Amino acid sequence: MPSWIGAVILPLSGLLLSLPAGADVKARSCGEVRQAYGAKGFSLADIPYQEIAGEHLRICPQEYTCCTTEMEDKLSQQSKLEFENLVEETSHFVRTTFVSRHKKFDEFFRELLENAEKSLNDMFVRTYGMLYMQNSEVFQDLFTELKRYYTGGNVNLEEMLNDFWARLLERMFQLINPQYHFSEDYLECVSKYTDQLKPFGDVPRKLKIQVTRAFIAARTFVQGLTVGREVANRVSKVSPTPGCIRALMKMLYCPYCRGLPTVRPCNNYCLNVMKGCLANQADLDTEWNLFIDAMLLVAERLEGPFNIESVMDPIDVKISEAIMNMQENSMQVSAKVFQGCGQPKPAPALRSARSAPENFNTRFRPYNPEERPTTAAGTSLDRLVTDIKEKLKLSKKVWSALPYTICKDESVTAGTSNEEECWNGHSKARYLPEIMNDGLTNQINNPEVDVDITRPDTFIRQQIMALRVMTNKLKNAYNGNDVNFQDTSDESSGSGSGSGCMDDVCPTEFEFVTTEAPAVDPDRREVDSSAAQLGHSFLSGSLVCVALAWQRLCR
């Protein structure tokens, strides 16, 4: 009788009584695989007690196996989920960096503006009393527009500041000349003399440079944090291709099918699989690194000449300085205005009886430092910037490093020190193929993942465009220039952006136009050219609305 006839399986115990000569009892048992498969939460009804012929397998080697068709399908889905989780976990640091720092910066800037407005209001109430309170809307409107600009509103900073000083001149001109009655047309003529007469001294020119530079840098930096946050969140949610899913299954769970559930993939094998699956993400790296560099440059500006904290903290003192200048030069200013705009009509007798000193005789009195509001958000801009710079530097090359970070995980691979006792895609042995370089075009000969290098991922290309647009805006902000963006995402399928995006910026395709201020007159020659180039573009409808709003306020 042939020896193989003696092979009998006890029906109750499932134990092997006898095997043909030279057979390996352990290799044919699926006990370890059953245990590991059950630990994943799968039903043991799918798995045999001993190896079966593997002709039915579509991904794993078609040799004797512990995997049924149902098992291969379920483990394939499991490998996809684990890969998606690995990418999300590995990119957790960069995502939380942008989320938390955006929140801190936004809170700081908003509170800084609130504190500056409160400080000015408190100082001016104490210094000028009723005269200020009767004209306080001029100053309130200034802060309203500054806040609107910071939060993404279509505000031209230079024009807005010019309007503020023109309105202030009109109000003060009436206060220092109470014996006259001024029509709206006359006051409009007065405002035209603002630049020529310089009634407020050099304060408006200097403040305009400081405010525009600081606000452009601050708003652009926070928008950069927003774009970085959105790109990182989107890129970390990967959708593996069918070719990638096959490669992941083969790497992570084909050892189960071969009865080797405890054997982990070789490190270099893992790298090739991950480089193939994350080829498009790696292509994001170049633009991401340029974006991070631009963020760091603007951060340096925020620490230095474009420091919004050093501009906003003393803004009340600077405006009071300007008012004091106007008071001291009131006689000369009035005489020149009368010469240019004509002699105004006398006011009614009751009003003309009051002299100018009785109406506006209060002089500027500095605020005590201890009376000023506390630092915004309980910190300082310098501390915030120092912190974010360190985090930004750590986030460089994060996308090309993903395969290396994932494959270093002890729960994923056997590690670099165990190159012989690891799964190489076919058996427990050394992995011999060379490691591919980063990026899509370098995957043409990837031995593990079938990658179509002729079809770049559209979604990743959208994120690359978002970073490119933001980097250009950051470069302009570094030079003190503003950029007017026109969202064209409605013309394409896009990635769900629209008017609801925070800070008026979304990671989609934009057209942008750098706008420059008109040529400056000889009195402004010392102004740095990079500061003089400020945003001027308004949508025509908005321009009309803003102009009408200012006109109504001036009345």
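Every heavy atom of this structure was used, including side-chain atoms; hydrogens, water molecules and symmetry mates were not. Just so it is clear, the model here is predicted, and its values are computed rather than measured.
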Identify whether the distance between the nearest side-chain nitrogen and carboxylate oxygen of [X] and [Y] falls below 4.0 Å.
| X | Y | answer |
| --- | --- | --- |
| Asp283 | Arg461 | yes |
| Asp163 | Arg167 | no |
| Lys118 | Asp122 | yes |
| Glu107 | Lys104 | no |
| Asp106 | Arg110 | yes |
| Arg383 | Glu303 | no |

Taking all non-hydrogen atoms of both residues, which atom of [X] and which atom of [Y] are closest, and how far apart?
| X | Y | result |
| --- | --- | --- |
| Leu302 | Leu381 | O-CD2, 3.4 Å |
| Cys341 | Tyr186 | O-CE1, 3.4 Å |
| Ala217 | Val298 | O-CG1, 3.8 Å |
| Leu169 | Pro199 | CD1-CG, 3.8 Å |
| Leu157 | Thr212 | CB-CG2, 3.6 Å |
| Ser395 | Phe93 | N-CE2, 4.4 Å |

Using the side chain to side chain contact (heavy atoms under 4.5 Å, CB included) definition, which of the options Val238, Asn280, Leu440 pairs with Ile460?
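Only one of Val238, Asn280, Leu440 forms a side chain to side chain contact (heavy atoms under 4.5 Å, CB included) with Ile460, namely Asn280.
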
Note, [X] side chain near [Y] side chain (heavy atom, < 4.5 Å):
| X | Y | value |
| --- | --- | --- |
| Val235 | Trp288 | no |
| Glu145 | Arg148 | yes |
| Met436 | Met274 | no |
| Gln134 | Arg171 | no |
| Lys389 | Glu300 | yes |
| Asn135 | Leu175 | yes |
| Val211 | Ile308 | no |
| Asn115 | Glu111 | yes |

Between [atom1] on residue [X] and [atom2] on residue [Y], distance to nearest 0.5 Å:
| X | Y | atom1 | atom2 | value |
| --- | --- | --- | --- | --- |
| Glu309 | Leu112 | CD | CG | 6.0 Å |
| Asn325 | Met172 | CG | CE | 9.5 Å |
| Ser320 | Lys318 | OG | NZ | 13.0 Å |
| Leu225 | Lys391 | CG | NZ | 13.0 Å |
| Thr97 | His102 | OG1 | NE2 | 14.0 Å |
| Thr220 | Arg301 | OG1 | CZ | 13.0 Å |

Give the C-alpha distance, both sets of side-chain angles, the deciding distance and a yes or no for side-chain contact (heavy atoms from CB on, under 4.5 Å) between Asn307 and Asp382.
CA-CA 9 Å; Asn307 188 315; Asp382 286 343; 3.7 Å; yes

Quick check: are there more than 12 heavy atoms from other residues, nucleotides or ligands sitting under 6.0 Å from NZ of Lys237?
yes

Is it the case that over 12 heavy atoms from other parts of the model lie below 6.0 angstrom from the CD atom of Gln339?
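Not buried by this count: 12 neighbours or fewer within 6.0 Å.
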
I'd like to know if the side chain of [X] and the backbone of [Y] have a donor-acceptor N/O pair within less than 3.5 Å.
| X | Y | answer |
| --- | --- | --- |
| Asn156 | Glu158 | yes |
| Thr194 | Ser191 | yes |
| Ser136 | Met133 | yes |
| Asn121 | Glu117 | no |
| Gln463 | Phe459 | yes |
| Lys103 | Ser100 | no |

Centroid-centroid under 6.0 Å between Phe173 and Trp165 rings:
no

Can you list the residues that meet the side chain to side chain donor-acceptor pair (under 3.5 Å) rule with Ser236, with sequence neighbours excluded?
Arg95

Non-neighbouring partners of [X] that pass ring-ring contact (aromatic ring centres under 6.0 Å, His included), sequence neighbours left out:
| X | value |
| --- | --- |
| Phe83 | none |
| Phe139 | Phe124, Tyr132, Phe164 |
| Phe215 | none |

Are a donor atom and an acceptor atom from the side chains of Gln174 and Tyr180 found within less than 3.5 Å of each other?
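Their side chains do not contain a donor-acceptor pair, so the 3.5 Å distance test is not met.
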
Among side-chain atoms of Lys208 and Asn162, is any donor-acceptor pair under 3.5 angstrom?
yes

Just grab all the salt bridge (Lys or Arg N to Asp or Glu O under 4.0 Å) pairs involving residues 331-341, residues at least two apart or on different chains.
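Checked against salt bridge (Lys or Arg N to Asp or Glu O under 4.0 Å) - neighbours excluded - no pair reaches residues 331-341.
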
Think Arg219 forms a cation-pi with Tyr149, using NZ or CZ under 6.0 Å from the six-ring centre and within 45 degrees of its axis?
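Yes, Arg219 and Tyr149 form such a contact.
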
Does Arg213 count as lying over the ring of Phe306, i.e. NZ or CZ under 6.0 Å from the six-ring centre, within 45 degrees of the axis?
no

Could you go through residues 398-408 and list every donor-acceptor pair under 3.5 Å that involves a side-chain atom there, pairing it with any protein atom two or more places apart or in another chain?
from: Ser400; atom 1: OG; to: Asp285; atom 2: OD2; distance (Å): 2.5
from: Ser400; atom 1: OG; to: Lys397; atom 2: O; distance (Å): 3.4
from: Tyr404; atom 1: OH; to: Lys275; atom 2: NZ; distance (Å): 2.5
from: Thr405; atom 1: OG1; to: Ala401; atom 2: O; distance (Å): 2.9

List the steps, then state whether side-chain contact (heavy atoms from CB on, under 4.5 Å) holds for Asn289 with Glu287.
CA-CA 5 Å; Asn289 293 338; Glu287 206 61 53; over 6 Å; no

Before giving the answer on side-chain contact (heavy atoms from CB on, under 4.5 Å), spell out for Ile464 and Thr286 the whole-Å C-alpha distance, their side-chain angles and the decisive distance to 0.1 Å.
CA-CA 9 Å; Ile464 289 173; Thr286 300; over 6 Å; no

side-chain contact (heavy atoms from CB on, under 4.5 Å) assessment of Lys396 paired with Asp293
CA-CA 9 Å; Lys396 286 191 74 172; Asp293 287 338; 2.8 Å; yes

